[in-house]
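Each remark here refers to the structure printed beneath this line.
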Amino acid sequence: MKKIQIIFIAVFFCFCSVLGILTIDNNVYKSETENRNLTVFPKIQWEGIKSVEYLTQITDAFSDQLEYRSFFVQNYFKLLHNIGKQDYMGTTVVGKEQYLFREPELIQDWSSYQKDIEKYAGLINQQALKMKKDHPQLKFIYINYPRKDIAMSKYLPNWYPSGLNNYKRAISILKKNLSEDVIFIDGYDVFKKYGILNQCYYHSDHHVNEKGQLAIYQELAKYIKKEYPNTPVNNSQQYVWGEEQFVGSFDSQIGRILVNNKPKEKVIEAYKDKIDYVRYENGQKVETSLFENKKDYLRYMGGDKRETRIETDRDDLSNVLISGSSYTNSLEAISVGSVNRMLSVDYRYGQKDKSLEKYLKKYDIDYFVLVPNQSDKMFSIDALKIHLGL
C-alpha cells in the first residue's frame, strides 16, 4: 500500500512539474475559447519580488498560461451543462433554443434604486442643457436598449424571474425625470412597435442583432428626416444579407461549448448600392470596411474604436456624433448611408482630454446620440459618466 502511495505521489509530482514547465514557456496573448486577453509572464526582475503587483501578475499568468487551459475550460463547462444539466454557469444562463442570457438583475431596494435613476437622469439633463446652451442647433438624443432578458423573454428558462415590470417601472421614473432638452428613444418600445420582440438579439451574444438595430436606426433616421428631409431611411432591402455562425460573448464565458450547435444568424454584409465615404480613426485616414467577414461582433466597424469619423460629402444631410460602446458598432455601420458626417467615440478606451465639447465644436455636430448601455446593469452611473467623457 505504501509503495502504491509513493508511486502515485511521484507520478503526480512529475505531471505537475511537466505541466508547470510547459506553462512557463507559454506566451499566449489571447484565448480564442474565452475570447479575452490573457495575462502573460513578466520579465524576470529580482527586485520585483517585493512588489505585490509583480507577484499578482505572475500568479495570474500561471492561471492564464496553463498548458491545455482551453481544453480544461471547455470540458469543465461541458461537464456542468451536459452531465450536471446546469443552465446557470458563472454569470451566464442557458435558455431555451440555445439562447444565452446574463444572470438576472434583482432589485432589492426600490427606494434606493429610484434615487439612482433620478441621479442618472439628472446627469443626462445637466449635459444636455450645457450642450444646448453652447450649441443651440444641437439635438440631444438618448437611446436606451433593454437588457436581453427583457426583450427576449420567450426564451428564458422557466425559473428565470421576469424583469419586464421592473423595466417598465424604471423607464417610467426615468421619463418623468428627463428634461425637454433630451429626446428619449426606448429600445423596448421600438422593438414592440416593429413587431420584433423575441427576435432582436443574437443567440449567444448580449448585443442587439441586425433586425433590432435596423429598427433603432429607422426610428433615429425618421426623427432626423424632420429637419433634414433628404435623409434616406433605409429598410432591409437596401442591404446585402447573409448567414453566419455567430460566436457571441456569452458563449465565450462558458468555453464556447454551444458554438457548434447554434443556428446561423442573419447578418448584414454590405450596402446593396455602393456608398462613397472616407474613414478616419483617431484623425488618420484608414481603409477599414464597415462590414467584415468575421464570425463575431467585430464584423461591424472593425470592432471597438476609440474614435472613428466617416465623411460622405453629402452637405444636404446631417452631422451626427455617437457616444457609446460595442452596442453601437452595427448601428453606426448601417447609419452611414443617411448622414453627411458620422463621428463615433468610445471613452472606455481613454483620451478624456478629447472632450465631447471639442468634437461638437470642431465637427459642427447637429445630433448627439448617447448610448450608455451595458449588458449587466440597466442604469449604471459609472458607465454613464464614462460615455459622457467625465
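One is the number of the first residue; the rest follow in order along the sequence.
- Side-chain atoms of Lys211 and Gln199 form a donor-acceptor pair, as typed in the model, at a separation below 3.5 Å.
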Exercise for review: Let me see the working for Val320 and Ile224 under side-chain contact (heavy atoms from CB on, under 4.5 Å), right down to the final yes or no.
Suggested key: CA-CA 10 Å; Val320 178; Ile224 295 175; 4.1 Å; yes
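- Considering only heavy atoms from C-beta on, Phe291 stays 4.5 Å or farther from Val267 through its side chain.
- Phe101 has its ring centre no less than 6.0 Å from the ring centre of Phe250.
- When all heavy atoms of Ser179 and Asn125 are compared, the pair lying nearest together is N-OD1, 2.8 Å.
- The CG atom of Leu360 lies 5.5 Å from the CG atom of Leu138; values are rounded to the nearest 0.5 Å.
- Judged by the 6.0 Å distance and 45° axis criteria, Lys96 is not positioned over the aromatic ring of Tyr155.
- For the residue pair Ser338 and Tyr217, a side-chain donor N or O sits within less than 3.5 Å of a side-chain acceptor on the partner.
- His206 and Tyr201 make their closest contact through O-CE2, 3.3 Å (heavy atoms, listed as atom of the first residue, atom of the second, distance).
- With hydrogens and angles disregarded, no donor-acceptor distance shorter than 3.5 Å links the side chain of Arg309 to the backbone of Tyr363.
- No donor-acceptor pair closer than 3.5 Å links the side chain of Ser289 to the backbone N or O of Glu292.
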Exercise for review: Go through Lys139 and Glu227 one step at a time and tell me if the salt bridge (Lys or Arg N to Asp or Glu O under 4.0 Å) criterion holds.
Suggested key: CA-CA 11 Å; Lys139 299 296 188 299; Glu227 286 190 299; 3.1 Å; yes
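- Side chain of Thr312 to backbone of Val339: a donor-acceptor contact under 3.5 angstrom is found.
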Review point. How far apart are the C-alpha atoms of Glu311 and Arg341, what are their side-chain angles, what is the distance that settles it, and do they pass the salt bridge (Lys or Arg N to Asp or Glu O under 4.0 Å) test?
Key: CA-CA 5 Å; Glu311 305 279 354; Arg341 170 181 297 134; 2.6 Å; yes
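- Of the N and O atoms on the side chains of Arg102 and Thr91, at least one donor lies less than 3.5 Å from an acceptor on the other residue.
- Atom NZ of Lys115 sits about 8.5 Å away from atom CG of Asp109, to the nearest 0.5 Å.
- Every residue meeting the side-chain hydrogen bond (donor to acceptor under 3.5 Å, both in side chains) condition with Lys132, not counting sequence neighbours, appears here in chain and number order: Asp181.
- Side-chain atoms of Ser323 and His387 form no donor-acceptor pair, as typed in the model, at a separation below 3.5 Å.
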Point to revise | side-chain contact (heavy atoms from CB on, under 4.5 Å) between Tyr142 and Val369, worked out | key: CA-CA 6 Å; Tyr142 162 38; Val369 180; over 6 Å; no
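- With sequence neighbours excluded, the residues forming a side-chain hydrogen bond (donor to acceptor under 3.5 Å, both in side chains) with Tyr359 are Arg306, Glu307, listed by chain and number.
- Pairing each heavy atom of Tyr113 with each of Ala170, the nearest pair is CE2-CB, 4.2 Å.
- Val286 forms part of no hydrophobic cluster, judged by ILVMFWY side-chain heavy-atom separations under 4.5 Å.
- When all heavy atoms are compared, the tightest approach of Leu388 to Leu123 is CD1-CG, 4.0 Å.
- Between the Gln137 side chain and the Asp366 main chain, no donor and acceptor come within less than 3.5 Å of each other.
- Here the OG atom belonging to Ser325 is positioned 14.0 Å from the OH atom belonging to Tyr347, to the nearest 0.5 angstrom.
- Other residues, nucleotides and ligands place more than 12 heavy atoms under 6.0 Å from the NZ atom of Lys272.
- Classified by interplanar angle (parallel below 30°, tilted 30° to 60°, perpendicular above 60°), the ring pair Phe191/Tyr145 is tilted.
- For Thr92, the side-chain hydrogen bond (donor to acceptor under 3.5 Å, both in side chains) partners two or more places apart in sequence, or in a different chain, are Gln253.
- The backbone N or O of Thr231 lies less than 3.5 Å from a partner atom in the side chain of Lys225, making a donor-acceptor pair.
- Side-chain contact between Tyr167 and Asp149 is absent, with no heavy-atom pair separated by less than 4.5 Å.
- In terms of heavy atoms, Cys200 sits closest to Gly212 at CB-CA, 4.0 Å.
- Note that the CE atom of Met378 and the CG atom of Leu174 stand 10.5 Å from one another [nearest 0.5 Å].
- With Thr328 contributing its side chain and Gly324 its backbone, the two residues share no donor-acceptor pair below 3.5 Å.
- Classified by interplanar angle (parallel below 30°, tilted 30° to 60°, perpendicular above 60°), the ring pair Tyr271/Tyr239 is tilted.
- Ser236 and Trp241 make their closest contact through O-NE1, 2.9 Å (heavy atoms, listed as atom of the first residue, atom of the second, distance).
- The hydrophobic cluster containing Val278, built from Ile/Leu/Val/Met/Phe/Trp/Tyr side-chain heavy atoms closer than 4.5 Å, also comprises Tyr280.
- When each of Asn166, Leu164, Ile171 is paired with Lys168, the side chain to side chain contact (heavy atoms under 4.5 Å, CB included) condition holds for Leu164 and for no other.
- Leu390 and Leu370 fall within a single hydrophobic cluster, where Ile, Leu, Val, Met, Phe, Trp and Tyr are joined by side-chain heavy atoms under 4.5 Å apart, directly or via other members.
- Between His203 and Tyr99, the distance separating the two ring centers is shorter than 6.0 angstrom.
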Practice item. Evaluate the side-chain contact (heavy atoms from CB on, under 4.5 Å) criterion for residues Phe368 and His135: first the C-alpha distance (whole Å), next the side-chain angles of each, then the deciding distance (0.1 Å), finally the verdict. Key: CA-CA 11 Å; Phe368 170 65; His135 309 274; over 6 Å; no
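- By the 4.0 Å N-to-carboxylate-O rule, Lys130 lies close enough to Asp134 to be salt-bridged with it.
- With hydrogens and angles disregarded, a donor-acceptor distance shorter than 3.5 Å links the side chain of Asn340 to the backbone of Arg314.
- With hydrogens and angles ignored, the 3.5 Å screen pairs a side-chain donor or acceptor of Lys148 with a backbone N or O of Asp205.
- Asp186 contributes no side-chain N or O that, together with a main-chain N or O of Ile143, makes up a donor-acceptor pair within less than 3.5 Å.
- No side-chain heavy atom of Met342 sits less than 4.5 Å from a side-chain heavy atom of Tyr277.
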Practice item. Check the pair Ile381 / Lys385 against side-chain contact (heavy atoms from CB on, under 4.5 Å), numbers first and verdict last. Key: CA-CA 6 Å; Ile381 293 290; Lys385 287 181 177 178; 3.7 Å; yes
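- At distances below 3.5 Å, not a single donor-acceptor pair connects side-chain atoms of Glu219 with backbone N or O atoms of Ile216.
- By the 6.0 Å contact criterion, NZ on Lys266 is open, its count of non-hydrogen atoms from other residues, nucleotides or ligands being 12 or less.
- How far OG of Ser335 is from CG of Asn234: 9.0 Å, rounded to the nearest 0.5 Å.
- The shortest distance between side-chain heavy atoms of Leu356 and Val345 falls below 4.5 Å.
- For the pair Met301/Lys305, no side-chain contact is recorded, criterion being any heavy-atom separation below 4.5 Å from C-beta on.
- No salt bridge links Lys154 with Glu97; every basic N to acidic carboxylate O contact stays at or beyond 4.0 Å.
- Evaluation of the side-chain hydrogen bond (donor to acceptor under 3.5 Å, both in side chains) rule for Lys222 yields Tyr194 as partners, not counting sequence neighbours.
- When ring centroids are compared, Tyr327 and His207 come within the 6.0 Å threshold.
- Put simply, CD1 on Ile322 and CG on Leu220 are 7.0 Å apart, with the number rounded to the nearest 0.5 Å.
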